Amino acid sequence: MEKKRIVVALGGNALGKTATEQRDIVRESAKPIVDLIEQGHEVVITHGNGPQVGIIKLAFDTSDLPEMPFPECGAMSQGYIGYHLQQAVRDELNARGIYRPVVSLITQSIVDKNDPAFKNPTKPVGLFYSKEEADKIAAETGWVFMEDAGRGYRRVVPSPRPQEIVEGDVIPPLLEAGVIVINAGGGGIPVLREGDQLVGVDAVIDKDFGALCEADQLDADFLVILTEVDKVAINFNKPNEKWLDKCTVDEMKQYLEEGHFSAGSMLPKVEACIAFAEKDPKRTSLITSLEKAGDGIKGLTGTQIRL
Ligand code: ADP
Ligand code: MG
């Protein structure tokens with residue numbers, strides 16, 4: 001295949017719950033990504049941080065330490081996940097005899113203070129709880145909990161849309177220099193423009209929209225969203241469940257209107273994939289699992305969305 005510019009977004013929920021789990025999973029995740037690099041593609045890596053940012057926040061909230069706001073926790077999660085990723089990708093490249101610099105960037109994303117998301121939290125973060133546990137914590141803390149795609153209850157926070165990746169301009173020259181860039185972790189740290197200054201805001205961007213913003217800014221050929229499922233389904237978890245292969249933007253819009261995708265999990269992925277693919281017929285959006293990334297890019301599996 002000719003050289004493509006590929007934005008790969010790794011799901012935070014597939015990265016495990018502890019540092020050792022994450023390190024081991026990321027070592028595996030690096031392999032399909034390095035396959036793409038080895039094939040000569042330009043690869044930009046981004047990742048989710050829902051579970052990780054939630055756990056970091058919870059660690060501070062349940063300690064005697066001073067308050068640690070969400071944007072700072074987001075920055076920590078970019079360092080925590082970026083560190084594992086850059087180490088794993090570098091080691092995997094070296095193991096194959098390829099030398100390329102790999103770097104993670106602390107990245108901010110501009111959001112709008114009038115974004116309706118601030119009035120309607122939808123983004124699940126941190127651990128999963130039973131309904132009883134969630135109700136108890138909600139009563140004690142005022143946090144909002146929601147059921148997350150049949151997997152249990154989780155705290156939800158506002159998830160505004162990123163409008164621009166502040167550090168976006170630095171990426172193309174790095175790519176040209178052969179650097180593998182990890183950035184916009186957790187969709188970027190949400191910041192508001194206040195006059196000449198950027199100010200962090202309490203929210204967690206969905207990495208699917210961060211990846212879209214990034215792929216748009218870089219005019220990528222592929223937006224690849226890697227998650228826990230091999231494909232997107234309609235009638236998900238129902239007896240008439242059907243896994244989708246190749247779809248047009250219009251077909252996907254139809255399924256979306258019919259309500260097949262859960263808010264906070266599959267919906268943002270599908271929305272991001274539609275928005276990416278509908279701008280240009282050269283573009284392909286792909287949703288698949290980590291294990292299937294290589295085959296997915298070749299068009300052999302996953303759910304592919306094109307104009
Ligand atoms: P990530 O961390 O990769 O963003 P999410 O949990 O946000 O992962 O989203 C992926 C999850 O979405 C899947 O693991 C699945 O449980 C859920 N999901 C909800 N609706 C669908 C659907 N229609 N098809 C497939 N998966 C779905
Ligand atoms: Mg998600």
Side-chain angles (χ1 to χ4, degrees), residues 7-17 21-22 25-26 28-29 32-33 45-55 74 77-78 81 85 117 121-128 146-162 184-188 203-212 214 223-245 247 251-274 285-293 296 301-305:
V7 172
V8 179
L10 292 174
N13 288 294
L15 293 179
K17 292 186 183 64
E21 260 178 50
Q22 177 173 290
I25 292 171
V26 165
E28 287 304 309
S29 314
I33 295 174
I45 304 165
T46 179
H47 59 83
N49 73 341
Q52 297 78 7
V53 72
I55 289 167
S77 76
Q78 288 184 348
I81 303 167
L85 269 169
T122 56
K123 167 82 184 158
V125 295
L127 305 173
F128 290 85
M146 265 166 52
E147 210 281 324
D148 182 6
R151 297 175 293 187
Y153 285 76
R154 286 172 97 184
R155 183 176 182 190
V156 287
V157 296
S159 187
R161 295 280 188 111
V204 176
I205 295 174
D206 205 298
K207 68 101 185 26
D208 303 317
F209 292 122
L212 164 66
E214 163 119 85
L223 169 61
V224 180
I225 300 185
L226 301 179
T227 184
E228 285 176 326
V229 285
D230 291 348
K231 293 179 186 179
V232 181
I234 50 172
N235 304 311
F236 180 63
N237 272 345
K238 295 190 188 140
N240 57 343
E241 179 178 76
K242 178 172 173 260
W243 299 100
L244 302 172
D245 299 310
C247 295
E251 284 165 346
M252 233 35 198
K253 280 186 177 168
Q254 175 75 33
Y255 295 141
L256 191 147
E257 268 172 38
E258 291 167 7
H260 288 285
F261 312 123
S262 316
S265 62
M266 194 46 78
L267 184 63
K269 293 183 211 317
V270 171
E271 285 182 322
C273 285
I274 289 174
S285 300
L286 175 72
I287 299 172
T288 190
S289 61
L290 260 168
E291 306 82 66
K292 300 284 164 71
T301 188
T303 303
Q304 206 190 73
I305 301 150

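Just so it is clear, the model here is predicted, and its values are computed rather than measured. Start at 1 and go down the list; that is how both ligands and their atoms are numbered.
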For Arg154, the side chain to side chain donor-acceptor pair (under 3.5 Å) test, sequence neighbours excluded, returns Asn13, Asp148
Inset, instruction - Answer yes or no: is there a side-chain heavy-atom contact under 4.5 Å between Val156 and Thr122? - result: no
Student check: side-chain heavy atoms of Leu10 and Ile81 closer than 4.5 Å
no
Filter the ligand 1-protein atom pairs down to N or O on both sides and distance under 3.5 Å, then list them.
{"unit_1": "ligand 1", "atom_1": "2 (O)", "unit_2": "Gly12", "atom_2": "N", "d": "3.1"}
{"unit_1": "ligand 1", "atom_1": "2 (O)", "unit_2": "Asn13", "atom_2": "N", "d": "2.9"}
{"unit_1": "ligand 1", "atom_1": "2 (O)", "unit_2": "Asn13", "atom_2": "ND2", "d": "2.8"}
{"unit_1": "ligand 1", "atom_1": "3 (O)", "unit_2": "Thr227", "atom_2": "OG1", "d": "2.7"}
{"unit_1": "ligand 1", "atom_1": "3 (O)", "unit_2": "Lys269", "atom_2": "NZ", "d": "3.4"}
{"unit_1": "ligand 1", "atom_1": "4 (O)", "unit_2": "Lys207", "atom_2": "NZ", "d": "2.9"}
{"unit_1": "ligand 1", "atom_1": "4 (O)", "unit_2": "Lys269", "atom_2": "NZ", "d": "2.4"}
{"unit_1": "ligand 1", "atom_1": "6 (O)", "unit_2": "Asn13", "atom_2": "ND2", "d": "3.1"}
{"unit_1": "ligand 1", "atom_1": "6 (O)", "unit_2": "Arg151", "atom_2": "NH1", "d": "3.1"}
{"unit_1": "ligand 1", "atom_1": "6 (O)", "unit_2": "Arg151", "atom_2": "NH2", "d": "2.7"}
{"unit_1": "ligand 1", "atom_1": "8 (O)", "unit_2": "Asn13", "atom_2": "ND2", "d": "3.3"}
{"unit_1": "ligand 1", "atom_1": "8 (O)", "unit_2": "Thr227", "atom_2": "OG1", "d": "3.4"}
{"unit_1": "ligand 1", "atom_1": "12 (O)", "unit_2": "Ser265", "atom_2": "OG", "d": "3.4"}
{"unit_1": "ligand 1", "atom_1": "14 (O)", "unit_2": "Glu228", "atom_2": "OE1", "d": "3.2"}
{"unit_1": "ligand 1", "atom_1": "20 (N)", "unit_2": "Ser262", "atom_2": "OG", "d": "3.4"}
{"unit_1": "ligand 1", "atom_1": "23 (N)", "unit_2": "Ala233", "atom_2": "O", "d": "2.7"}
{"unit_1": "ligand 1", "atom_1": "23 (N)", "unit_2": "His260", "atom_2": "O", "d": "3.1"}
{"unit_1": "ligand 1", "atom_1": "24 (N)", "unit_2": "Ala233", "atom_2": "N", "d": "2.9"}

*Between Ser285 (side chain) and Cys273 (backbone), is there a donor-acceptor pair under 3.5 Å?*
yes
Side chains of His260 and Val270 in contact at under 4.5 Å (non-hydrogen atoms): no
Note to self: Is any side-chain heavy atom of Thr301 closer than 4.5 Å to one of Lys231?
What the structure shows: yes
